[in-house]
J.: 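Structure below; questions to follow.
In this chain, residues are counted from 1 in sequence order.
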Amino acid sequence: METFFVKFQAGSLDLSAIITTAEHYRRFKVEMVTNERDPIVLDRSVKGDWTIVDRGQRSLSDLDFQELERAIDEELYKFYSARHILVPTDFSESGDNAARYAAGLSQQLKSTKIILYHSYESILMPSTTGSAPVGPGFSESEAGSLKKLKALKLELEQEVLAETKIETRHDDRTLVPAVNILVQQLRAGMVVVGMKGRNALQRAIIGSNAMDLAKSSLAPLLVVPSGAKFQKIERVVFACDLKEVLAYTPVHAIRTFVNALNAKLLILNIDPRRGDFEIDELRQLSALHELWDEQKPGYHYIDHEEVVDGIIKFADREAAQLVITIPRIYGFIEGLFHQSVSNRLAYHTHLPLMLFRTGL
């Protein structure tokens with residue numbers, strides 16, 4: 001669930017509403033005041049059609065509801081087309097590279113704001129109890145953080161559109177909750193992080209944060225490999241499975257982002273088994289087409305013994321510039337050093353990897 005605010009016009013009145021979402025942005029609770037006893041409830045279909053489930057206690061006309069629905073649609077589009085991009089950085093080579101990639105991507109998306117963020121105290125690494133602070137040798141002073149952020153900002157300002165503003169934020173908060181607070185405050189529709197793997201300690205520090213963000217980030221997470229340079233995104237691979245497709249696919253989020261790129265969508269399912277689809281898989285296959293046919297994507301179903309290798313080879317063969325997946329798919333939430341599919345994708349693919357949570 002997520003909460004945001006919209007403004008809309010009801011007759012001669014300018015109203016503000018608190019919107020709380022559920023069911024992958026298919027159900028919306030609308031309140032004019034917090035914890036309203038009888039709120040408005042709206043449903044939005046996968047195709048974007050609105051239904052009034054409960055008109056609440058407000059005396060809104062059908063035209064007023066149309067204005068409200070339009071305002072919600074506009075806010076969702078701005079969010080998922082990544083008009084605002086948040087870039088957490090540790091000032092490493094891979095972090096700077098991710099920031100440069102975000103600057104290039106902002107031109108294609110016509111983003112209006114990039115926010116550079118550095119947490120100078122709370123670099124984390126995994127422990128048996130979750131996350132523990134690294135020793136003081138890894139800390140960054142507030143003054144040093146500010147100096148480096150200003151230098152990075154000056155560099156990126158040469159690489160973005162004139163209308164794209166670059167802001168900087170720095171503090172000593174724990175990274176993952178700080179990122180989510182900033183996502184909500186600034187309505188950042190994408191979080192961009194770098195990925196590197198020179199040694200085990202670097203993988204632990206950078207990897208654990210990326211994995212934690214993949215699990216809990218309120219915005220889609222873009223993982224940029226250290227050697228990746230921005231290229232215009234014209235072809236996007238969405239690697240998916242055939243398990244509970246309708247329940248878990250954040251179709252509105254992915255569709256909005258791909259449309260904002262004006263890119264061709266290639267939907268890929270890889271199954272290491274040989275043989276025909278089972279009955280439930282046929283049902284899920286039908287659901288997959290129900291969600292995506294209107295987008296006119298390319299559908300590709302491949303038998304491959306090694307899923308990661310199959311995804312990478314397919315993306316290369318199709319000259320794709322981006323791979324999208326969902327952390328739930330292929331066991332992404334396995335531990336950092338486990339051989340799960342999305343972990344290895346993040347470490348071994350030379351293409352950026354975009355992660356959409358099922359809860360979006």
Side-chain angles (χ1 to χ4, degrees), residues 1-2 21-29 41-53 69 72-73 76-77 79-81 214-215 218-221 235-261 263-304 307-308 310-311 314-315 318 320 322-334 340-342 345 353-360:
M1 296 178 65
E2 183 192 347
T21 69
E23 300 178 18
H24 308 302
Y25 285 88
R26 295 172 194 172
R27 173 147 291 193
F28 299 80
K29 181 176 71 173
V41 179
L42 304 173
D43 276 356
R44 187 184 188 280
S45 73
V46 170
K47 295 184 178 180
D49 299 321
W50 288 92
T51 302
I52 301 172
V53 178
E69 293 157 2
I72 296 173
D73 274 333
L76 292 180
Y77 179 81
F79 184 74
Y80 282 120
S81 61
K215 296 175 187 178
L218 295 178
L221 179 70
R235 297 171 72 81
V236 175
V237 173
F238 173 36
C240 65
D241 61 15
L242 295 177
K243 297 177 182 178
E244 300 181 86
V245 169
L246 289 175
Y248 287 108
T249 305
V251 60
H252 182 62
I254 296 173
R255 176 187 294 159
T256 301
F257 177 69
V258 173
N259 286 344
L261 291 170
K264 173 68 175 178
L265 181 63
L266 307 174
I267 295 178
L268 173 66
N269 174 255
I270 293 183
D271 193 330
R273 300 168 304 165
R274 308 284 179 179
D276 298 328
F277 289 112
E278 297 177 356
I279 293 177
D280 184 63
E281 289 175 321
L282 288 174
R283 295 193 189 99
Q284 298 301 322
L285 185 63
S286 176
L288 186 71
H289 281 264
E290 178 184 340
L291 289 180
W292 294 106
D293 276 356
E294 193 172 282
Q295 195 78 17
K296 298 182 179 178
Y299 293 98
H300 302 268
Y301 306 97
I302 297 175
D303 291 330
H304 202 288
V307 176
V308 171
I311 293 172
F314 175 83
E318 297 294 328
L322 178 69
V323 174
I324 288 175
T325 191
I326 301 171
R328 181 187 71 90
I329 290 173
Y330 302 129
F332 182 85
I333 303 301
E334 301 295 331
S340 61
V341 170
S342 292
L345 263 179
L353 178 65
M354 187 90 166
L355 304 170
F356 285 81
R357 289 192 306 119
T358 58
L360 294 173

J.: Would you call R44 and D73 a salt bridge, using N to O less than 4.0 angstrom?
T.: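 Yes, this pair counts.
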
J.: Are the side chains of L291 and H252 in contact, using a 4.5 Å heavy-atom criterion?
T.: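 No - every pair of side-chain heavy atoms lies 4.5 Å or more apart.
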
J.: Within a strict 4.5 Å, meaning less than it, do heavy atoms of the W292 and V251 side chains meet?
T.: yes

J.: Would V258 and I324 satisfy side chain to side chain contact (heavy atoms under 4.5 Å, CB included), going step by step from the backbone distance to the final call?
T.: CA-CA 10 Å; V258 173; I324 288 175; 4.2 Å; yes

J.: Is the closest side-chain heavy-atom distance between F79 and L218 below 4.5 Å?
T.: no

J.: If we only count heavy atoms from C-beta on, is the P220 to M354 side-chain gap below 4.5 Å?
T.: yes

J.: Indicate the ring-plane relationship of Y25 and Y80, choosing parallel, tilted or perpendicular according to the 30° and 60° boundaries.
T.: perpendicular

J.: Less than 4.5 Å apart, any side-chain heavy atom of P250 and any of I326?
T.: yes

J.: Quick check: do I72 and W50 have side-chain heavy atoms less than 4.5 Å from each other?
T.: yes

J.: Could you tell me if the side chain of Q295 sits less than 4.5 Å from the side chain of N259, heavy atoms only?
T.: yes

J.: Spell out, as yes or no, whether a donor-acceptor pair under 3.5 Å connects the side chain of E2 to the backbone of T21.
T.: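 Flag not set: sc E2 to bb T21 has no pair under 3.5 Å.
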
J.: Answer yes or no: is there a side-chain heavy-atom contact under 4.5 Å between F28 and E69?
T.: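 The answer is no, as the side chains (C-beta and beyond) never meet within the 4.5 Å cut-off.
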
J.: Would the distance check show the side chain of S81 and the main-chain N or O of A260 forming a donor-acceptor pair, the cut-off being under 3.5 Å?
T.: no

J.: Look at the side chain of Q284 and the backbone N and O of K243, then say whether any donor-acceptor pair between them is shorter than 3.5 Å.
T.: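 The answer is no, because no donor-acceptor pair under 3.5 Å joins these two groups.
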
J.: Would C240 and I267 count as a side chain to side chain contact (heavy atoms under 4.5 Å, CB included) here? Give the steps.
T.: CA-CA 7 Å; C240 65; I267 295 178; 3.7 Å; yes

J.: Quick one: does any side-chain atom of R235 pair with a main-chain N or O of L266 as donor and acceptor, under 3.5 Å?
T.: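 No; zero donor-acceptor contacts below 3.5 Å.
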
